[in-house]
Amino acid sequence: MSAQREMKEKNPWHTPATIIITVIGVIAIVALVTVAVLQNKPLPKKYKYGIVLDAGSSHTALYIYGWPAEKVNDTGRVVQVHSCKVKGPGISSYASAPLNAGESLKVCMLEAKDQVPSKRHQETPLYLGATAGMRLLNIENSTASDGVFQAVSQALQTSPFSFQGARIISGQEEGAFGWVTVNYLDDRLKQGLETTGALDLGGASTQISFVSDNYDGSESPKNSVTFRLYGNDYNLYTHSFLCYGKDQVLRMTLAHQTQSGPATVLDPCFHRGYTAIKNYTVLYDTPCVSDRKPQPAPASFNHTGTGDFQECQRVVRNVFNFTDCKYSRCSFNGVFQPSLQGPFGAFSAYYFVMNFLNLTDTSTPLEDVKKKITNYCATPWEQIKEQYPHIKQKYLAEYCFSGTYIITLLTEGYNFTSENYPNIKFIKKIKDSDAGWTLGYMLNLTNMIPAEAPDKPPLPHGGYVSIVTIIAILLFVLIIFSLRPIWPRCSKRPQII
Ligand SMILES: O=c1[nH]cnc2c1ncn2[C@@H]1O[C@H](COP(=O)(O)OP(=O)(O)O)[C@@H](O)[C@H]1O
Ligand SMILES: [Ca+2]
């Protein structure tokens, strides 16, 4: 009994002071963790939006981008939240009825109104950028292109968004912003990683953009764009070939085959059994071919397919000039191109065509790619129509030509070889956002990519809570241990005696 009393008296656990200290300690730890969890909760996310209309030669598409209002400078934070394909042709096709161009945008603009919360409408910038279709119309008839811009601007001004203007973007911008989009979405810019080149195939123009170490921009300054992004300097090579989109090249190959104004054209780029009456005036109605119109020309010709890849490639080669080059090296048409470097992302029509032909897997050797296109071209038109009843016949009839053009452009135009062909990835989207120039264009106009690397991001909420919890537990353990030298000695004393 007396030993027990003595123990009770000397054990600090049982003194009122230690009990109070321990209770206060535990309360303090619980309070600390509670504060960490509750008070430092991230603020509810406020989203911002931006809208870009891509007025391409074949059609217009609307893209809505969104990002959390705070931390705008974080790479890869802006994402595509919605897209809308405008019904009907590209705006350049409305040259003689410009009001209809404005009207055609209405359905997608209404969709955008639904997609962006109404309290954000006023602050949401809206841009329209037109590419090669409008470049060609502007060359052909600048009054008509002004009329189209006036009509679309008027239509967009009536939207609740903050309309920032409609304009033709240059080929250089189109190429450079496509490259920015691909590398931004891939998180390559902020991390200073090796960049991915961008290959964009449209209907009226095509772009190639990449960074090459042995290129400083001095040999052909007009092909050079310099960027300082997140503290890294980039010297980008870019070129846009006007008229080398797949629709204009198709016209150029047909123009090549109709130089003498024949009544029938036997075209190796179309399937056997394919036949259509085509109008000379319509075919030659673009600045890419207008100077070659046979004079006098009959009203129309009979366009008949023979389905022969090798012959088709021979015809397609005629649209390239491989001989003139005043630089150390050229792609084609006397255009400077440094040596190819790094991985490439090929999008837009590159993707549509190669995806249809089941050729997006670039581990397929180049020779096998050619064999597959050869087989496709050699398949009779009747069989093709039966095999793909749900695909638009206009696209279906042209895949043989388009596949042949793509392979010729990549290998003979840009000089991809069987060794570096696998460096190309045919892509439609990166992390749910479409590959194309629009995102890069918006990031640039809203100053969303800083020249210098942003400060290190503060600890995320989860990390902050974990650290406070760990510290609290350590403190608790420390209190226990600080009491240990007194407590065990007291409790063991009776045994020693
Ligand atoms: O599903 C498809 N299959 C094949 N080609 C397509 C498909 N969708 C779009 N395209 C083609 O992609 C190209 C897009 O070009 P775009 O309209 O962007 O012209 P641009 O960039 O030269 O101004 C056009 O040739 C169009 O016909
Ligand atoms: Ca395009």
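What you are looking at is a predicted structure, and each value in this text was computed from that prediction instead of being measured. Atoms within a ligand are numbered from 1 in the order they appear, just like the ligands themselves.
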Revision key, fill the gap. Atom 1 (O) of ligand 1 sits nearest the protein heavy atom Y395 CE1, 3.9 Å
Review point. Does anything in residues 146-163 pair up under side chain to side chain donor-acceptor pair (under 3.5 Å), and if so which pairs, sequence neighbours excluded?
Key: S162-Q164
Check your understanding: Looking at ligand 1, does any of its N/O atoms fall within less than 3.5 Å of an N/O of G56?
Key -> no
Review point. Going by the order shown, which atoms of ligand 1 are within less than 4.0 Å of some heavy atom of S205?
Key: 22 (O)
Check your understanding: What protein heavy atom sits nearest atom 19 (O) of ligand 1, and how far off is it?
Key -> S57 OG, 2.8 Å
Check your understanding: With a 4.0 Å cut-off on heavy atoms, is Q248 touching ligand 1?
Key -> no
Practice item. Would you check, one step at a time, whether the test side chain to side chain donor-acceptor pair (under 3.5 Å) holds for S205 with Q207? Key: CA-CA 7 Å; S205 78; Q207 290 70 240; 2.7 Å; yes
Exercise for review: Give a yes/no on ligand 1: does D247 have at least one heavy atom closer than 4.0 angstrom to it?
Suggested key: yes
**Study point:** Beyond-backbone contact of T275 with N302, side-chain heavy atoms, under 4.5 angstrom
**Key:** yes
Revision key, fill the gap. The ring pair (Phe, Tyr, Trp, His ring centres under 6.0 Å) partner of Y376 among F356, F401, W381 is F356
**Study point:** K85 N/O to ligand 1 N/O under 3.5 Å
**Key:** no
Review point. Quick one: does ligand 1 sit under 4.0 Å from the side chain of E398, the backbone, both or neither, non-hydrogen atoms only?
Key: neither
Check your understanding: Do any nitrogen or oxygen atoms of A204 come within less than 3.5 Å of a nitrogen or oxygen of ligand 1?
Key -> yes
**Study point:** Atoms in ligand 1 flagged as close to H59, the criterion being non-hydrogen separation under 4.0 Å
**Key:** 17 (O)
Check your understanding: With atoms numbered from 1 as shown, which atoms in ligand 1 lie under 4.0 angstrom from a non-hydrogen atom of T131?
Key -> 20 (P), 21 (O), 23 (O)
Practice item. May I ask you to establish whether K278 and F270 are in a cation-pi arrangement, using a distance under 6.0 Å from NZ or CZ to the six-membered ring centre and at most 45° from the ring axis? Key: yes
Exercise for review: Could you tell me which atoms of ligand 1, counted from 1 in the order shown, lie closer than 4.0 angstrom to a heavy atom of A132?
Suggested key: 22 (O), 23 (O)
Revision key, fill the gap. S58 heavy atoms within 4.0 Å reach ligand 1 at atoms 14 (C), 15 (O), 16 (P), 17 (O), 24 (C), 26 (C)
Exercise for review: Show which atoms of ligand 1 fall inside a sub-4.0 Å distance from at least one heavy-atom site of E174.
Suggested key: 21 (O)
Revision key, fill the gap. The closest protein heavy-atom partner of atom 12 (O) of ligand 1 is A349 CB, 3.5 Å
Review point. Side chain, backbone, both or neither: which part of Y399 comes within less than 4.0 Å of ligand 1 when only heavy atoms are counted?
Key: side chain
Point to revise | Sole residue of Y215, F227, F210, W179 in ring pair (Phe, Tyr, Trp, His ring centres under 6.0 Å) with Y234 | key: W179
**Study point:** Proximal ligand 1 atoms for K246, defined as those under 4.0 Å from one of its heavy atoms
**Key:** 5 (N), 11 (C), 25 (O), 27 (O)
Check your understanding: So is S348 polar-close to ligand 1, meaning N/O to N/O under 3.5 Å?
Key -> no
Practice item. Test I64 against L62 for side chain to side chain contact (heavy atoms under 4.5 Å, CB included), laying out the working first. Key: CA-CA 7 Å; I64 305 178; L62 174 144; 3.7 Å; yes
Practice item. For residues 156-167, pull every pair meeting salt bridge (charged side-chain N to carboxylate O under 4.0 Å, His left out), keeping only residues two or more places apart or in separate chains. Key: R167-E173
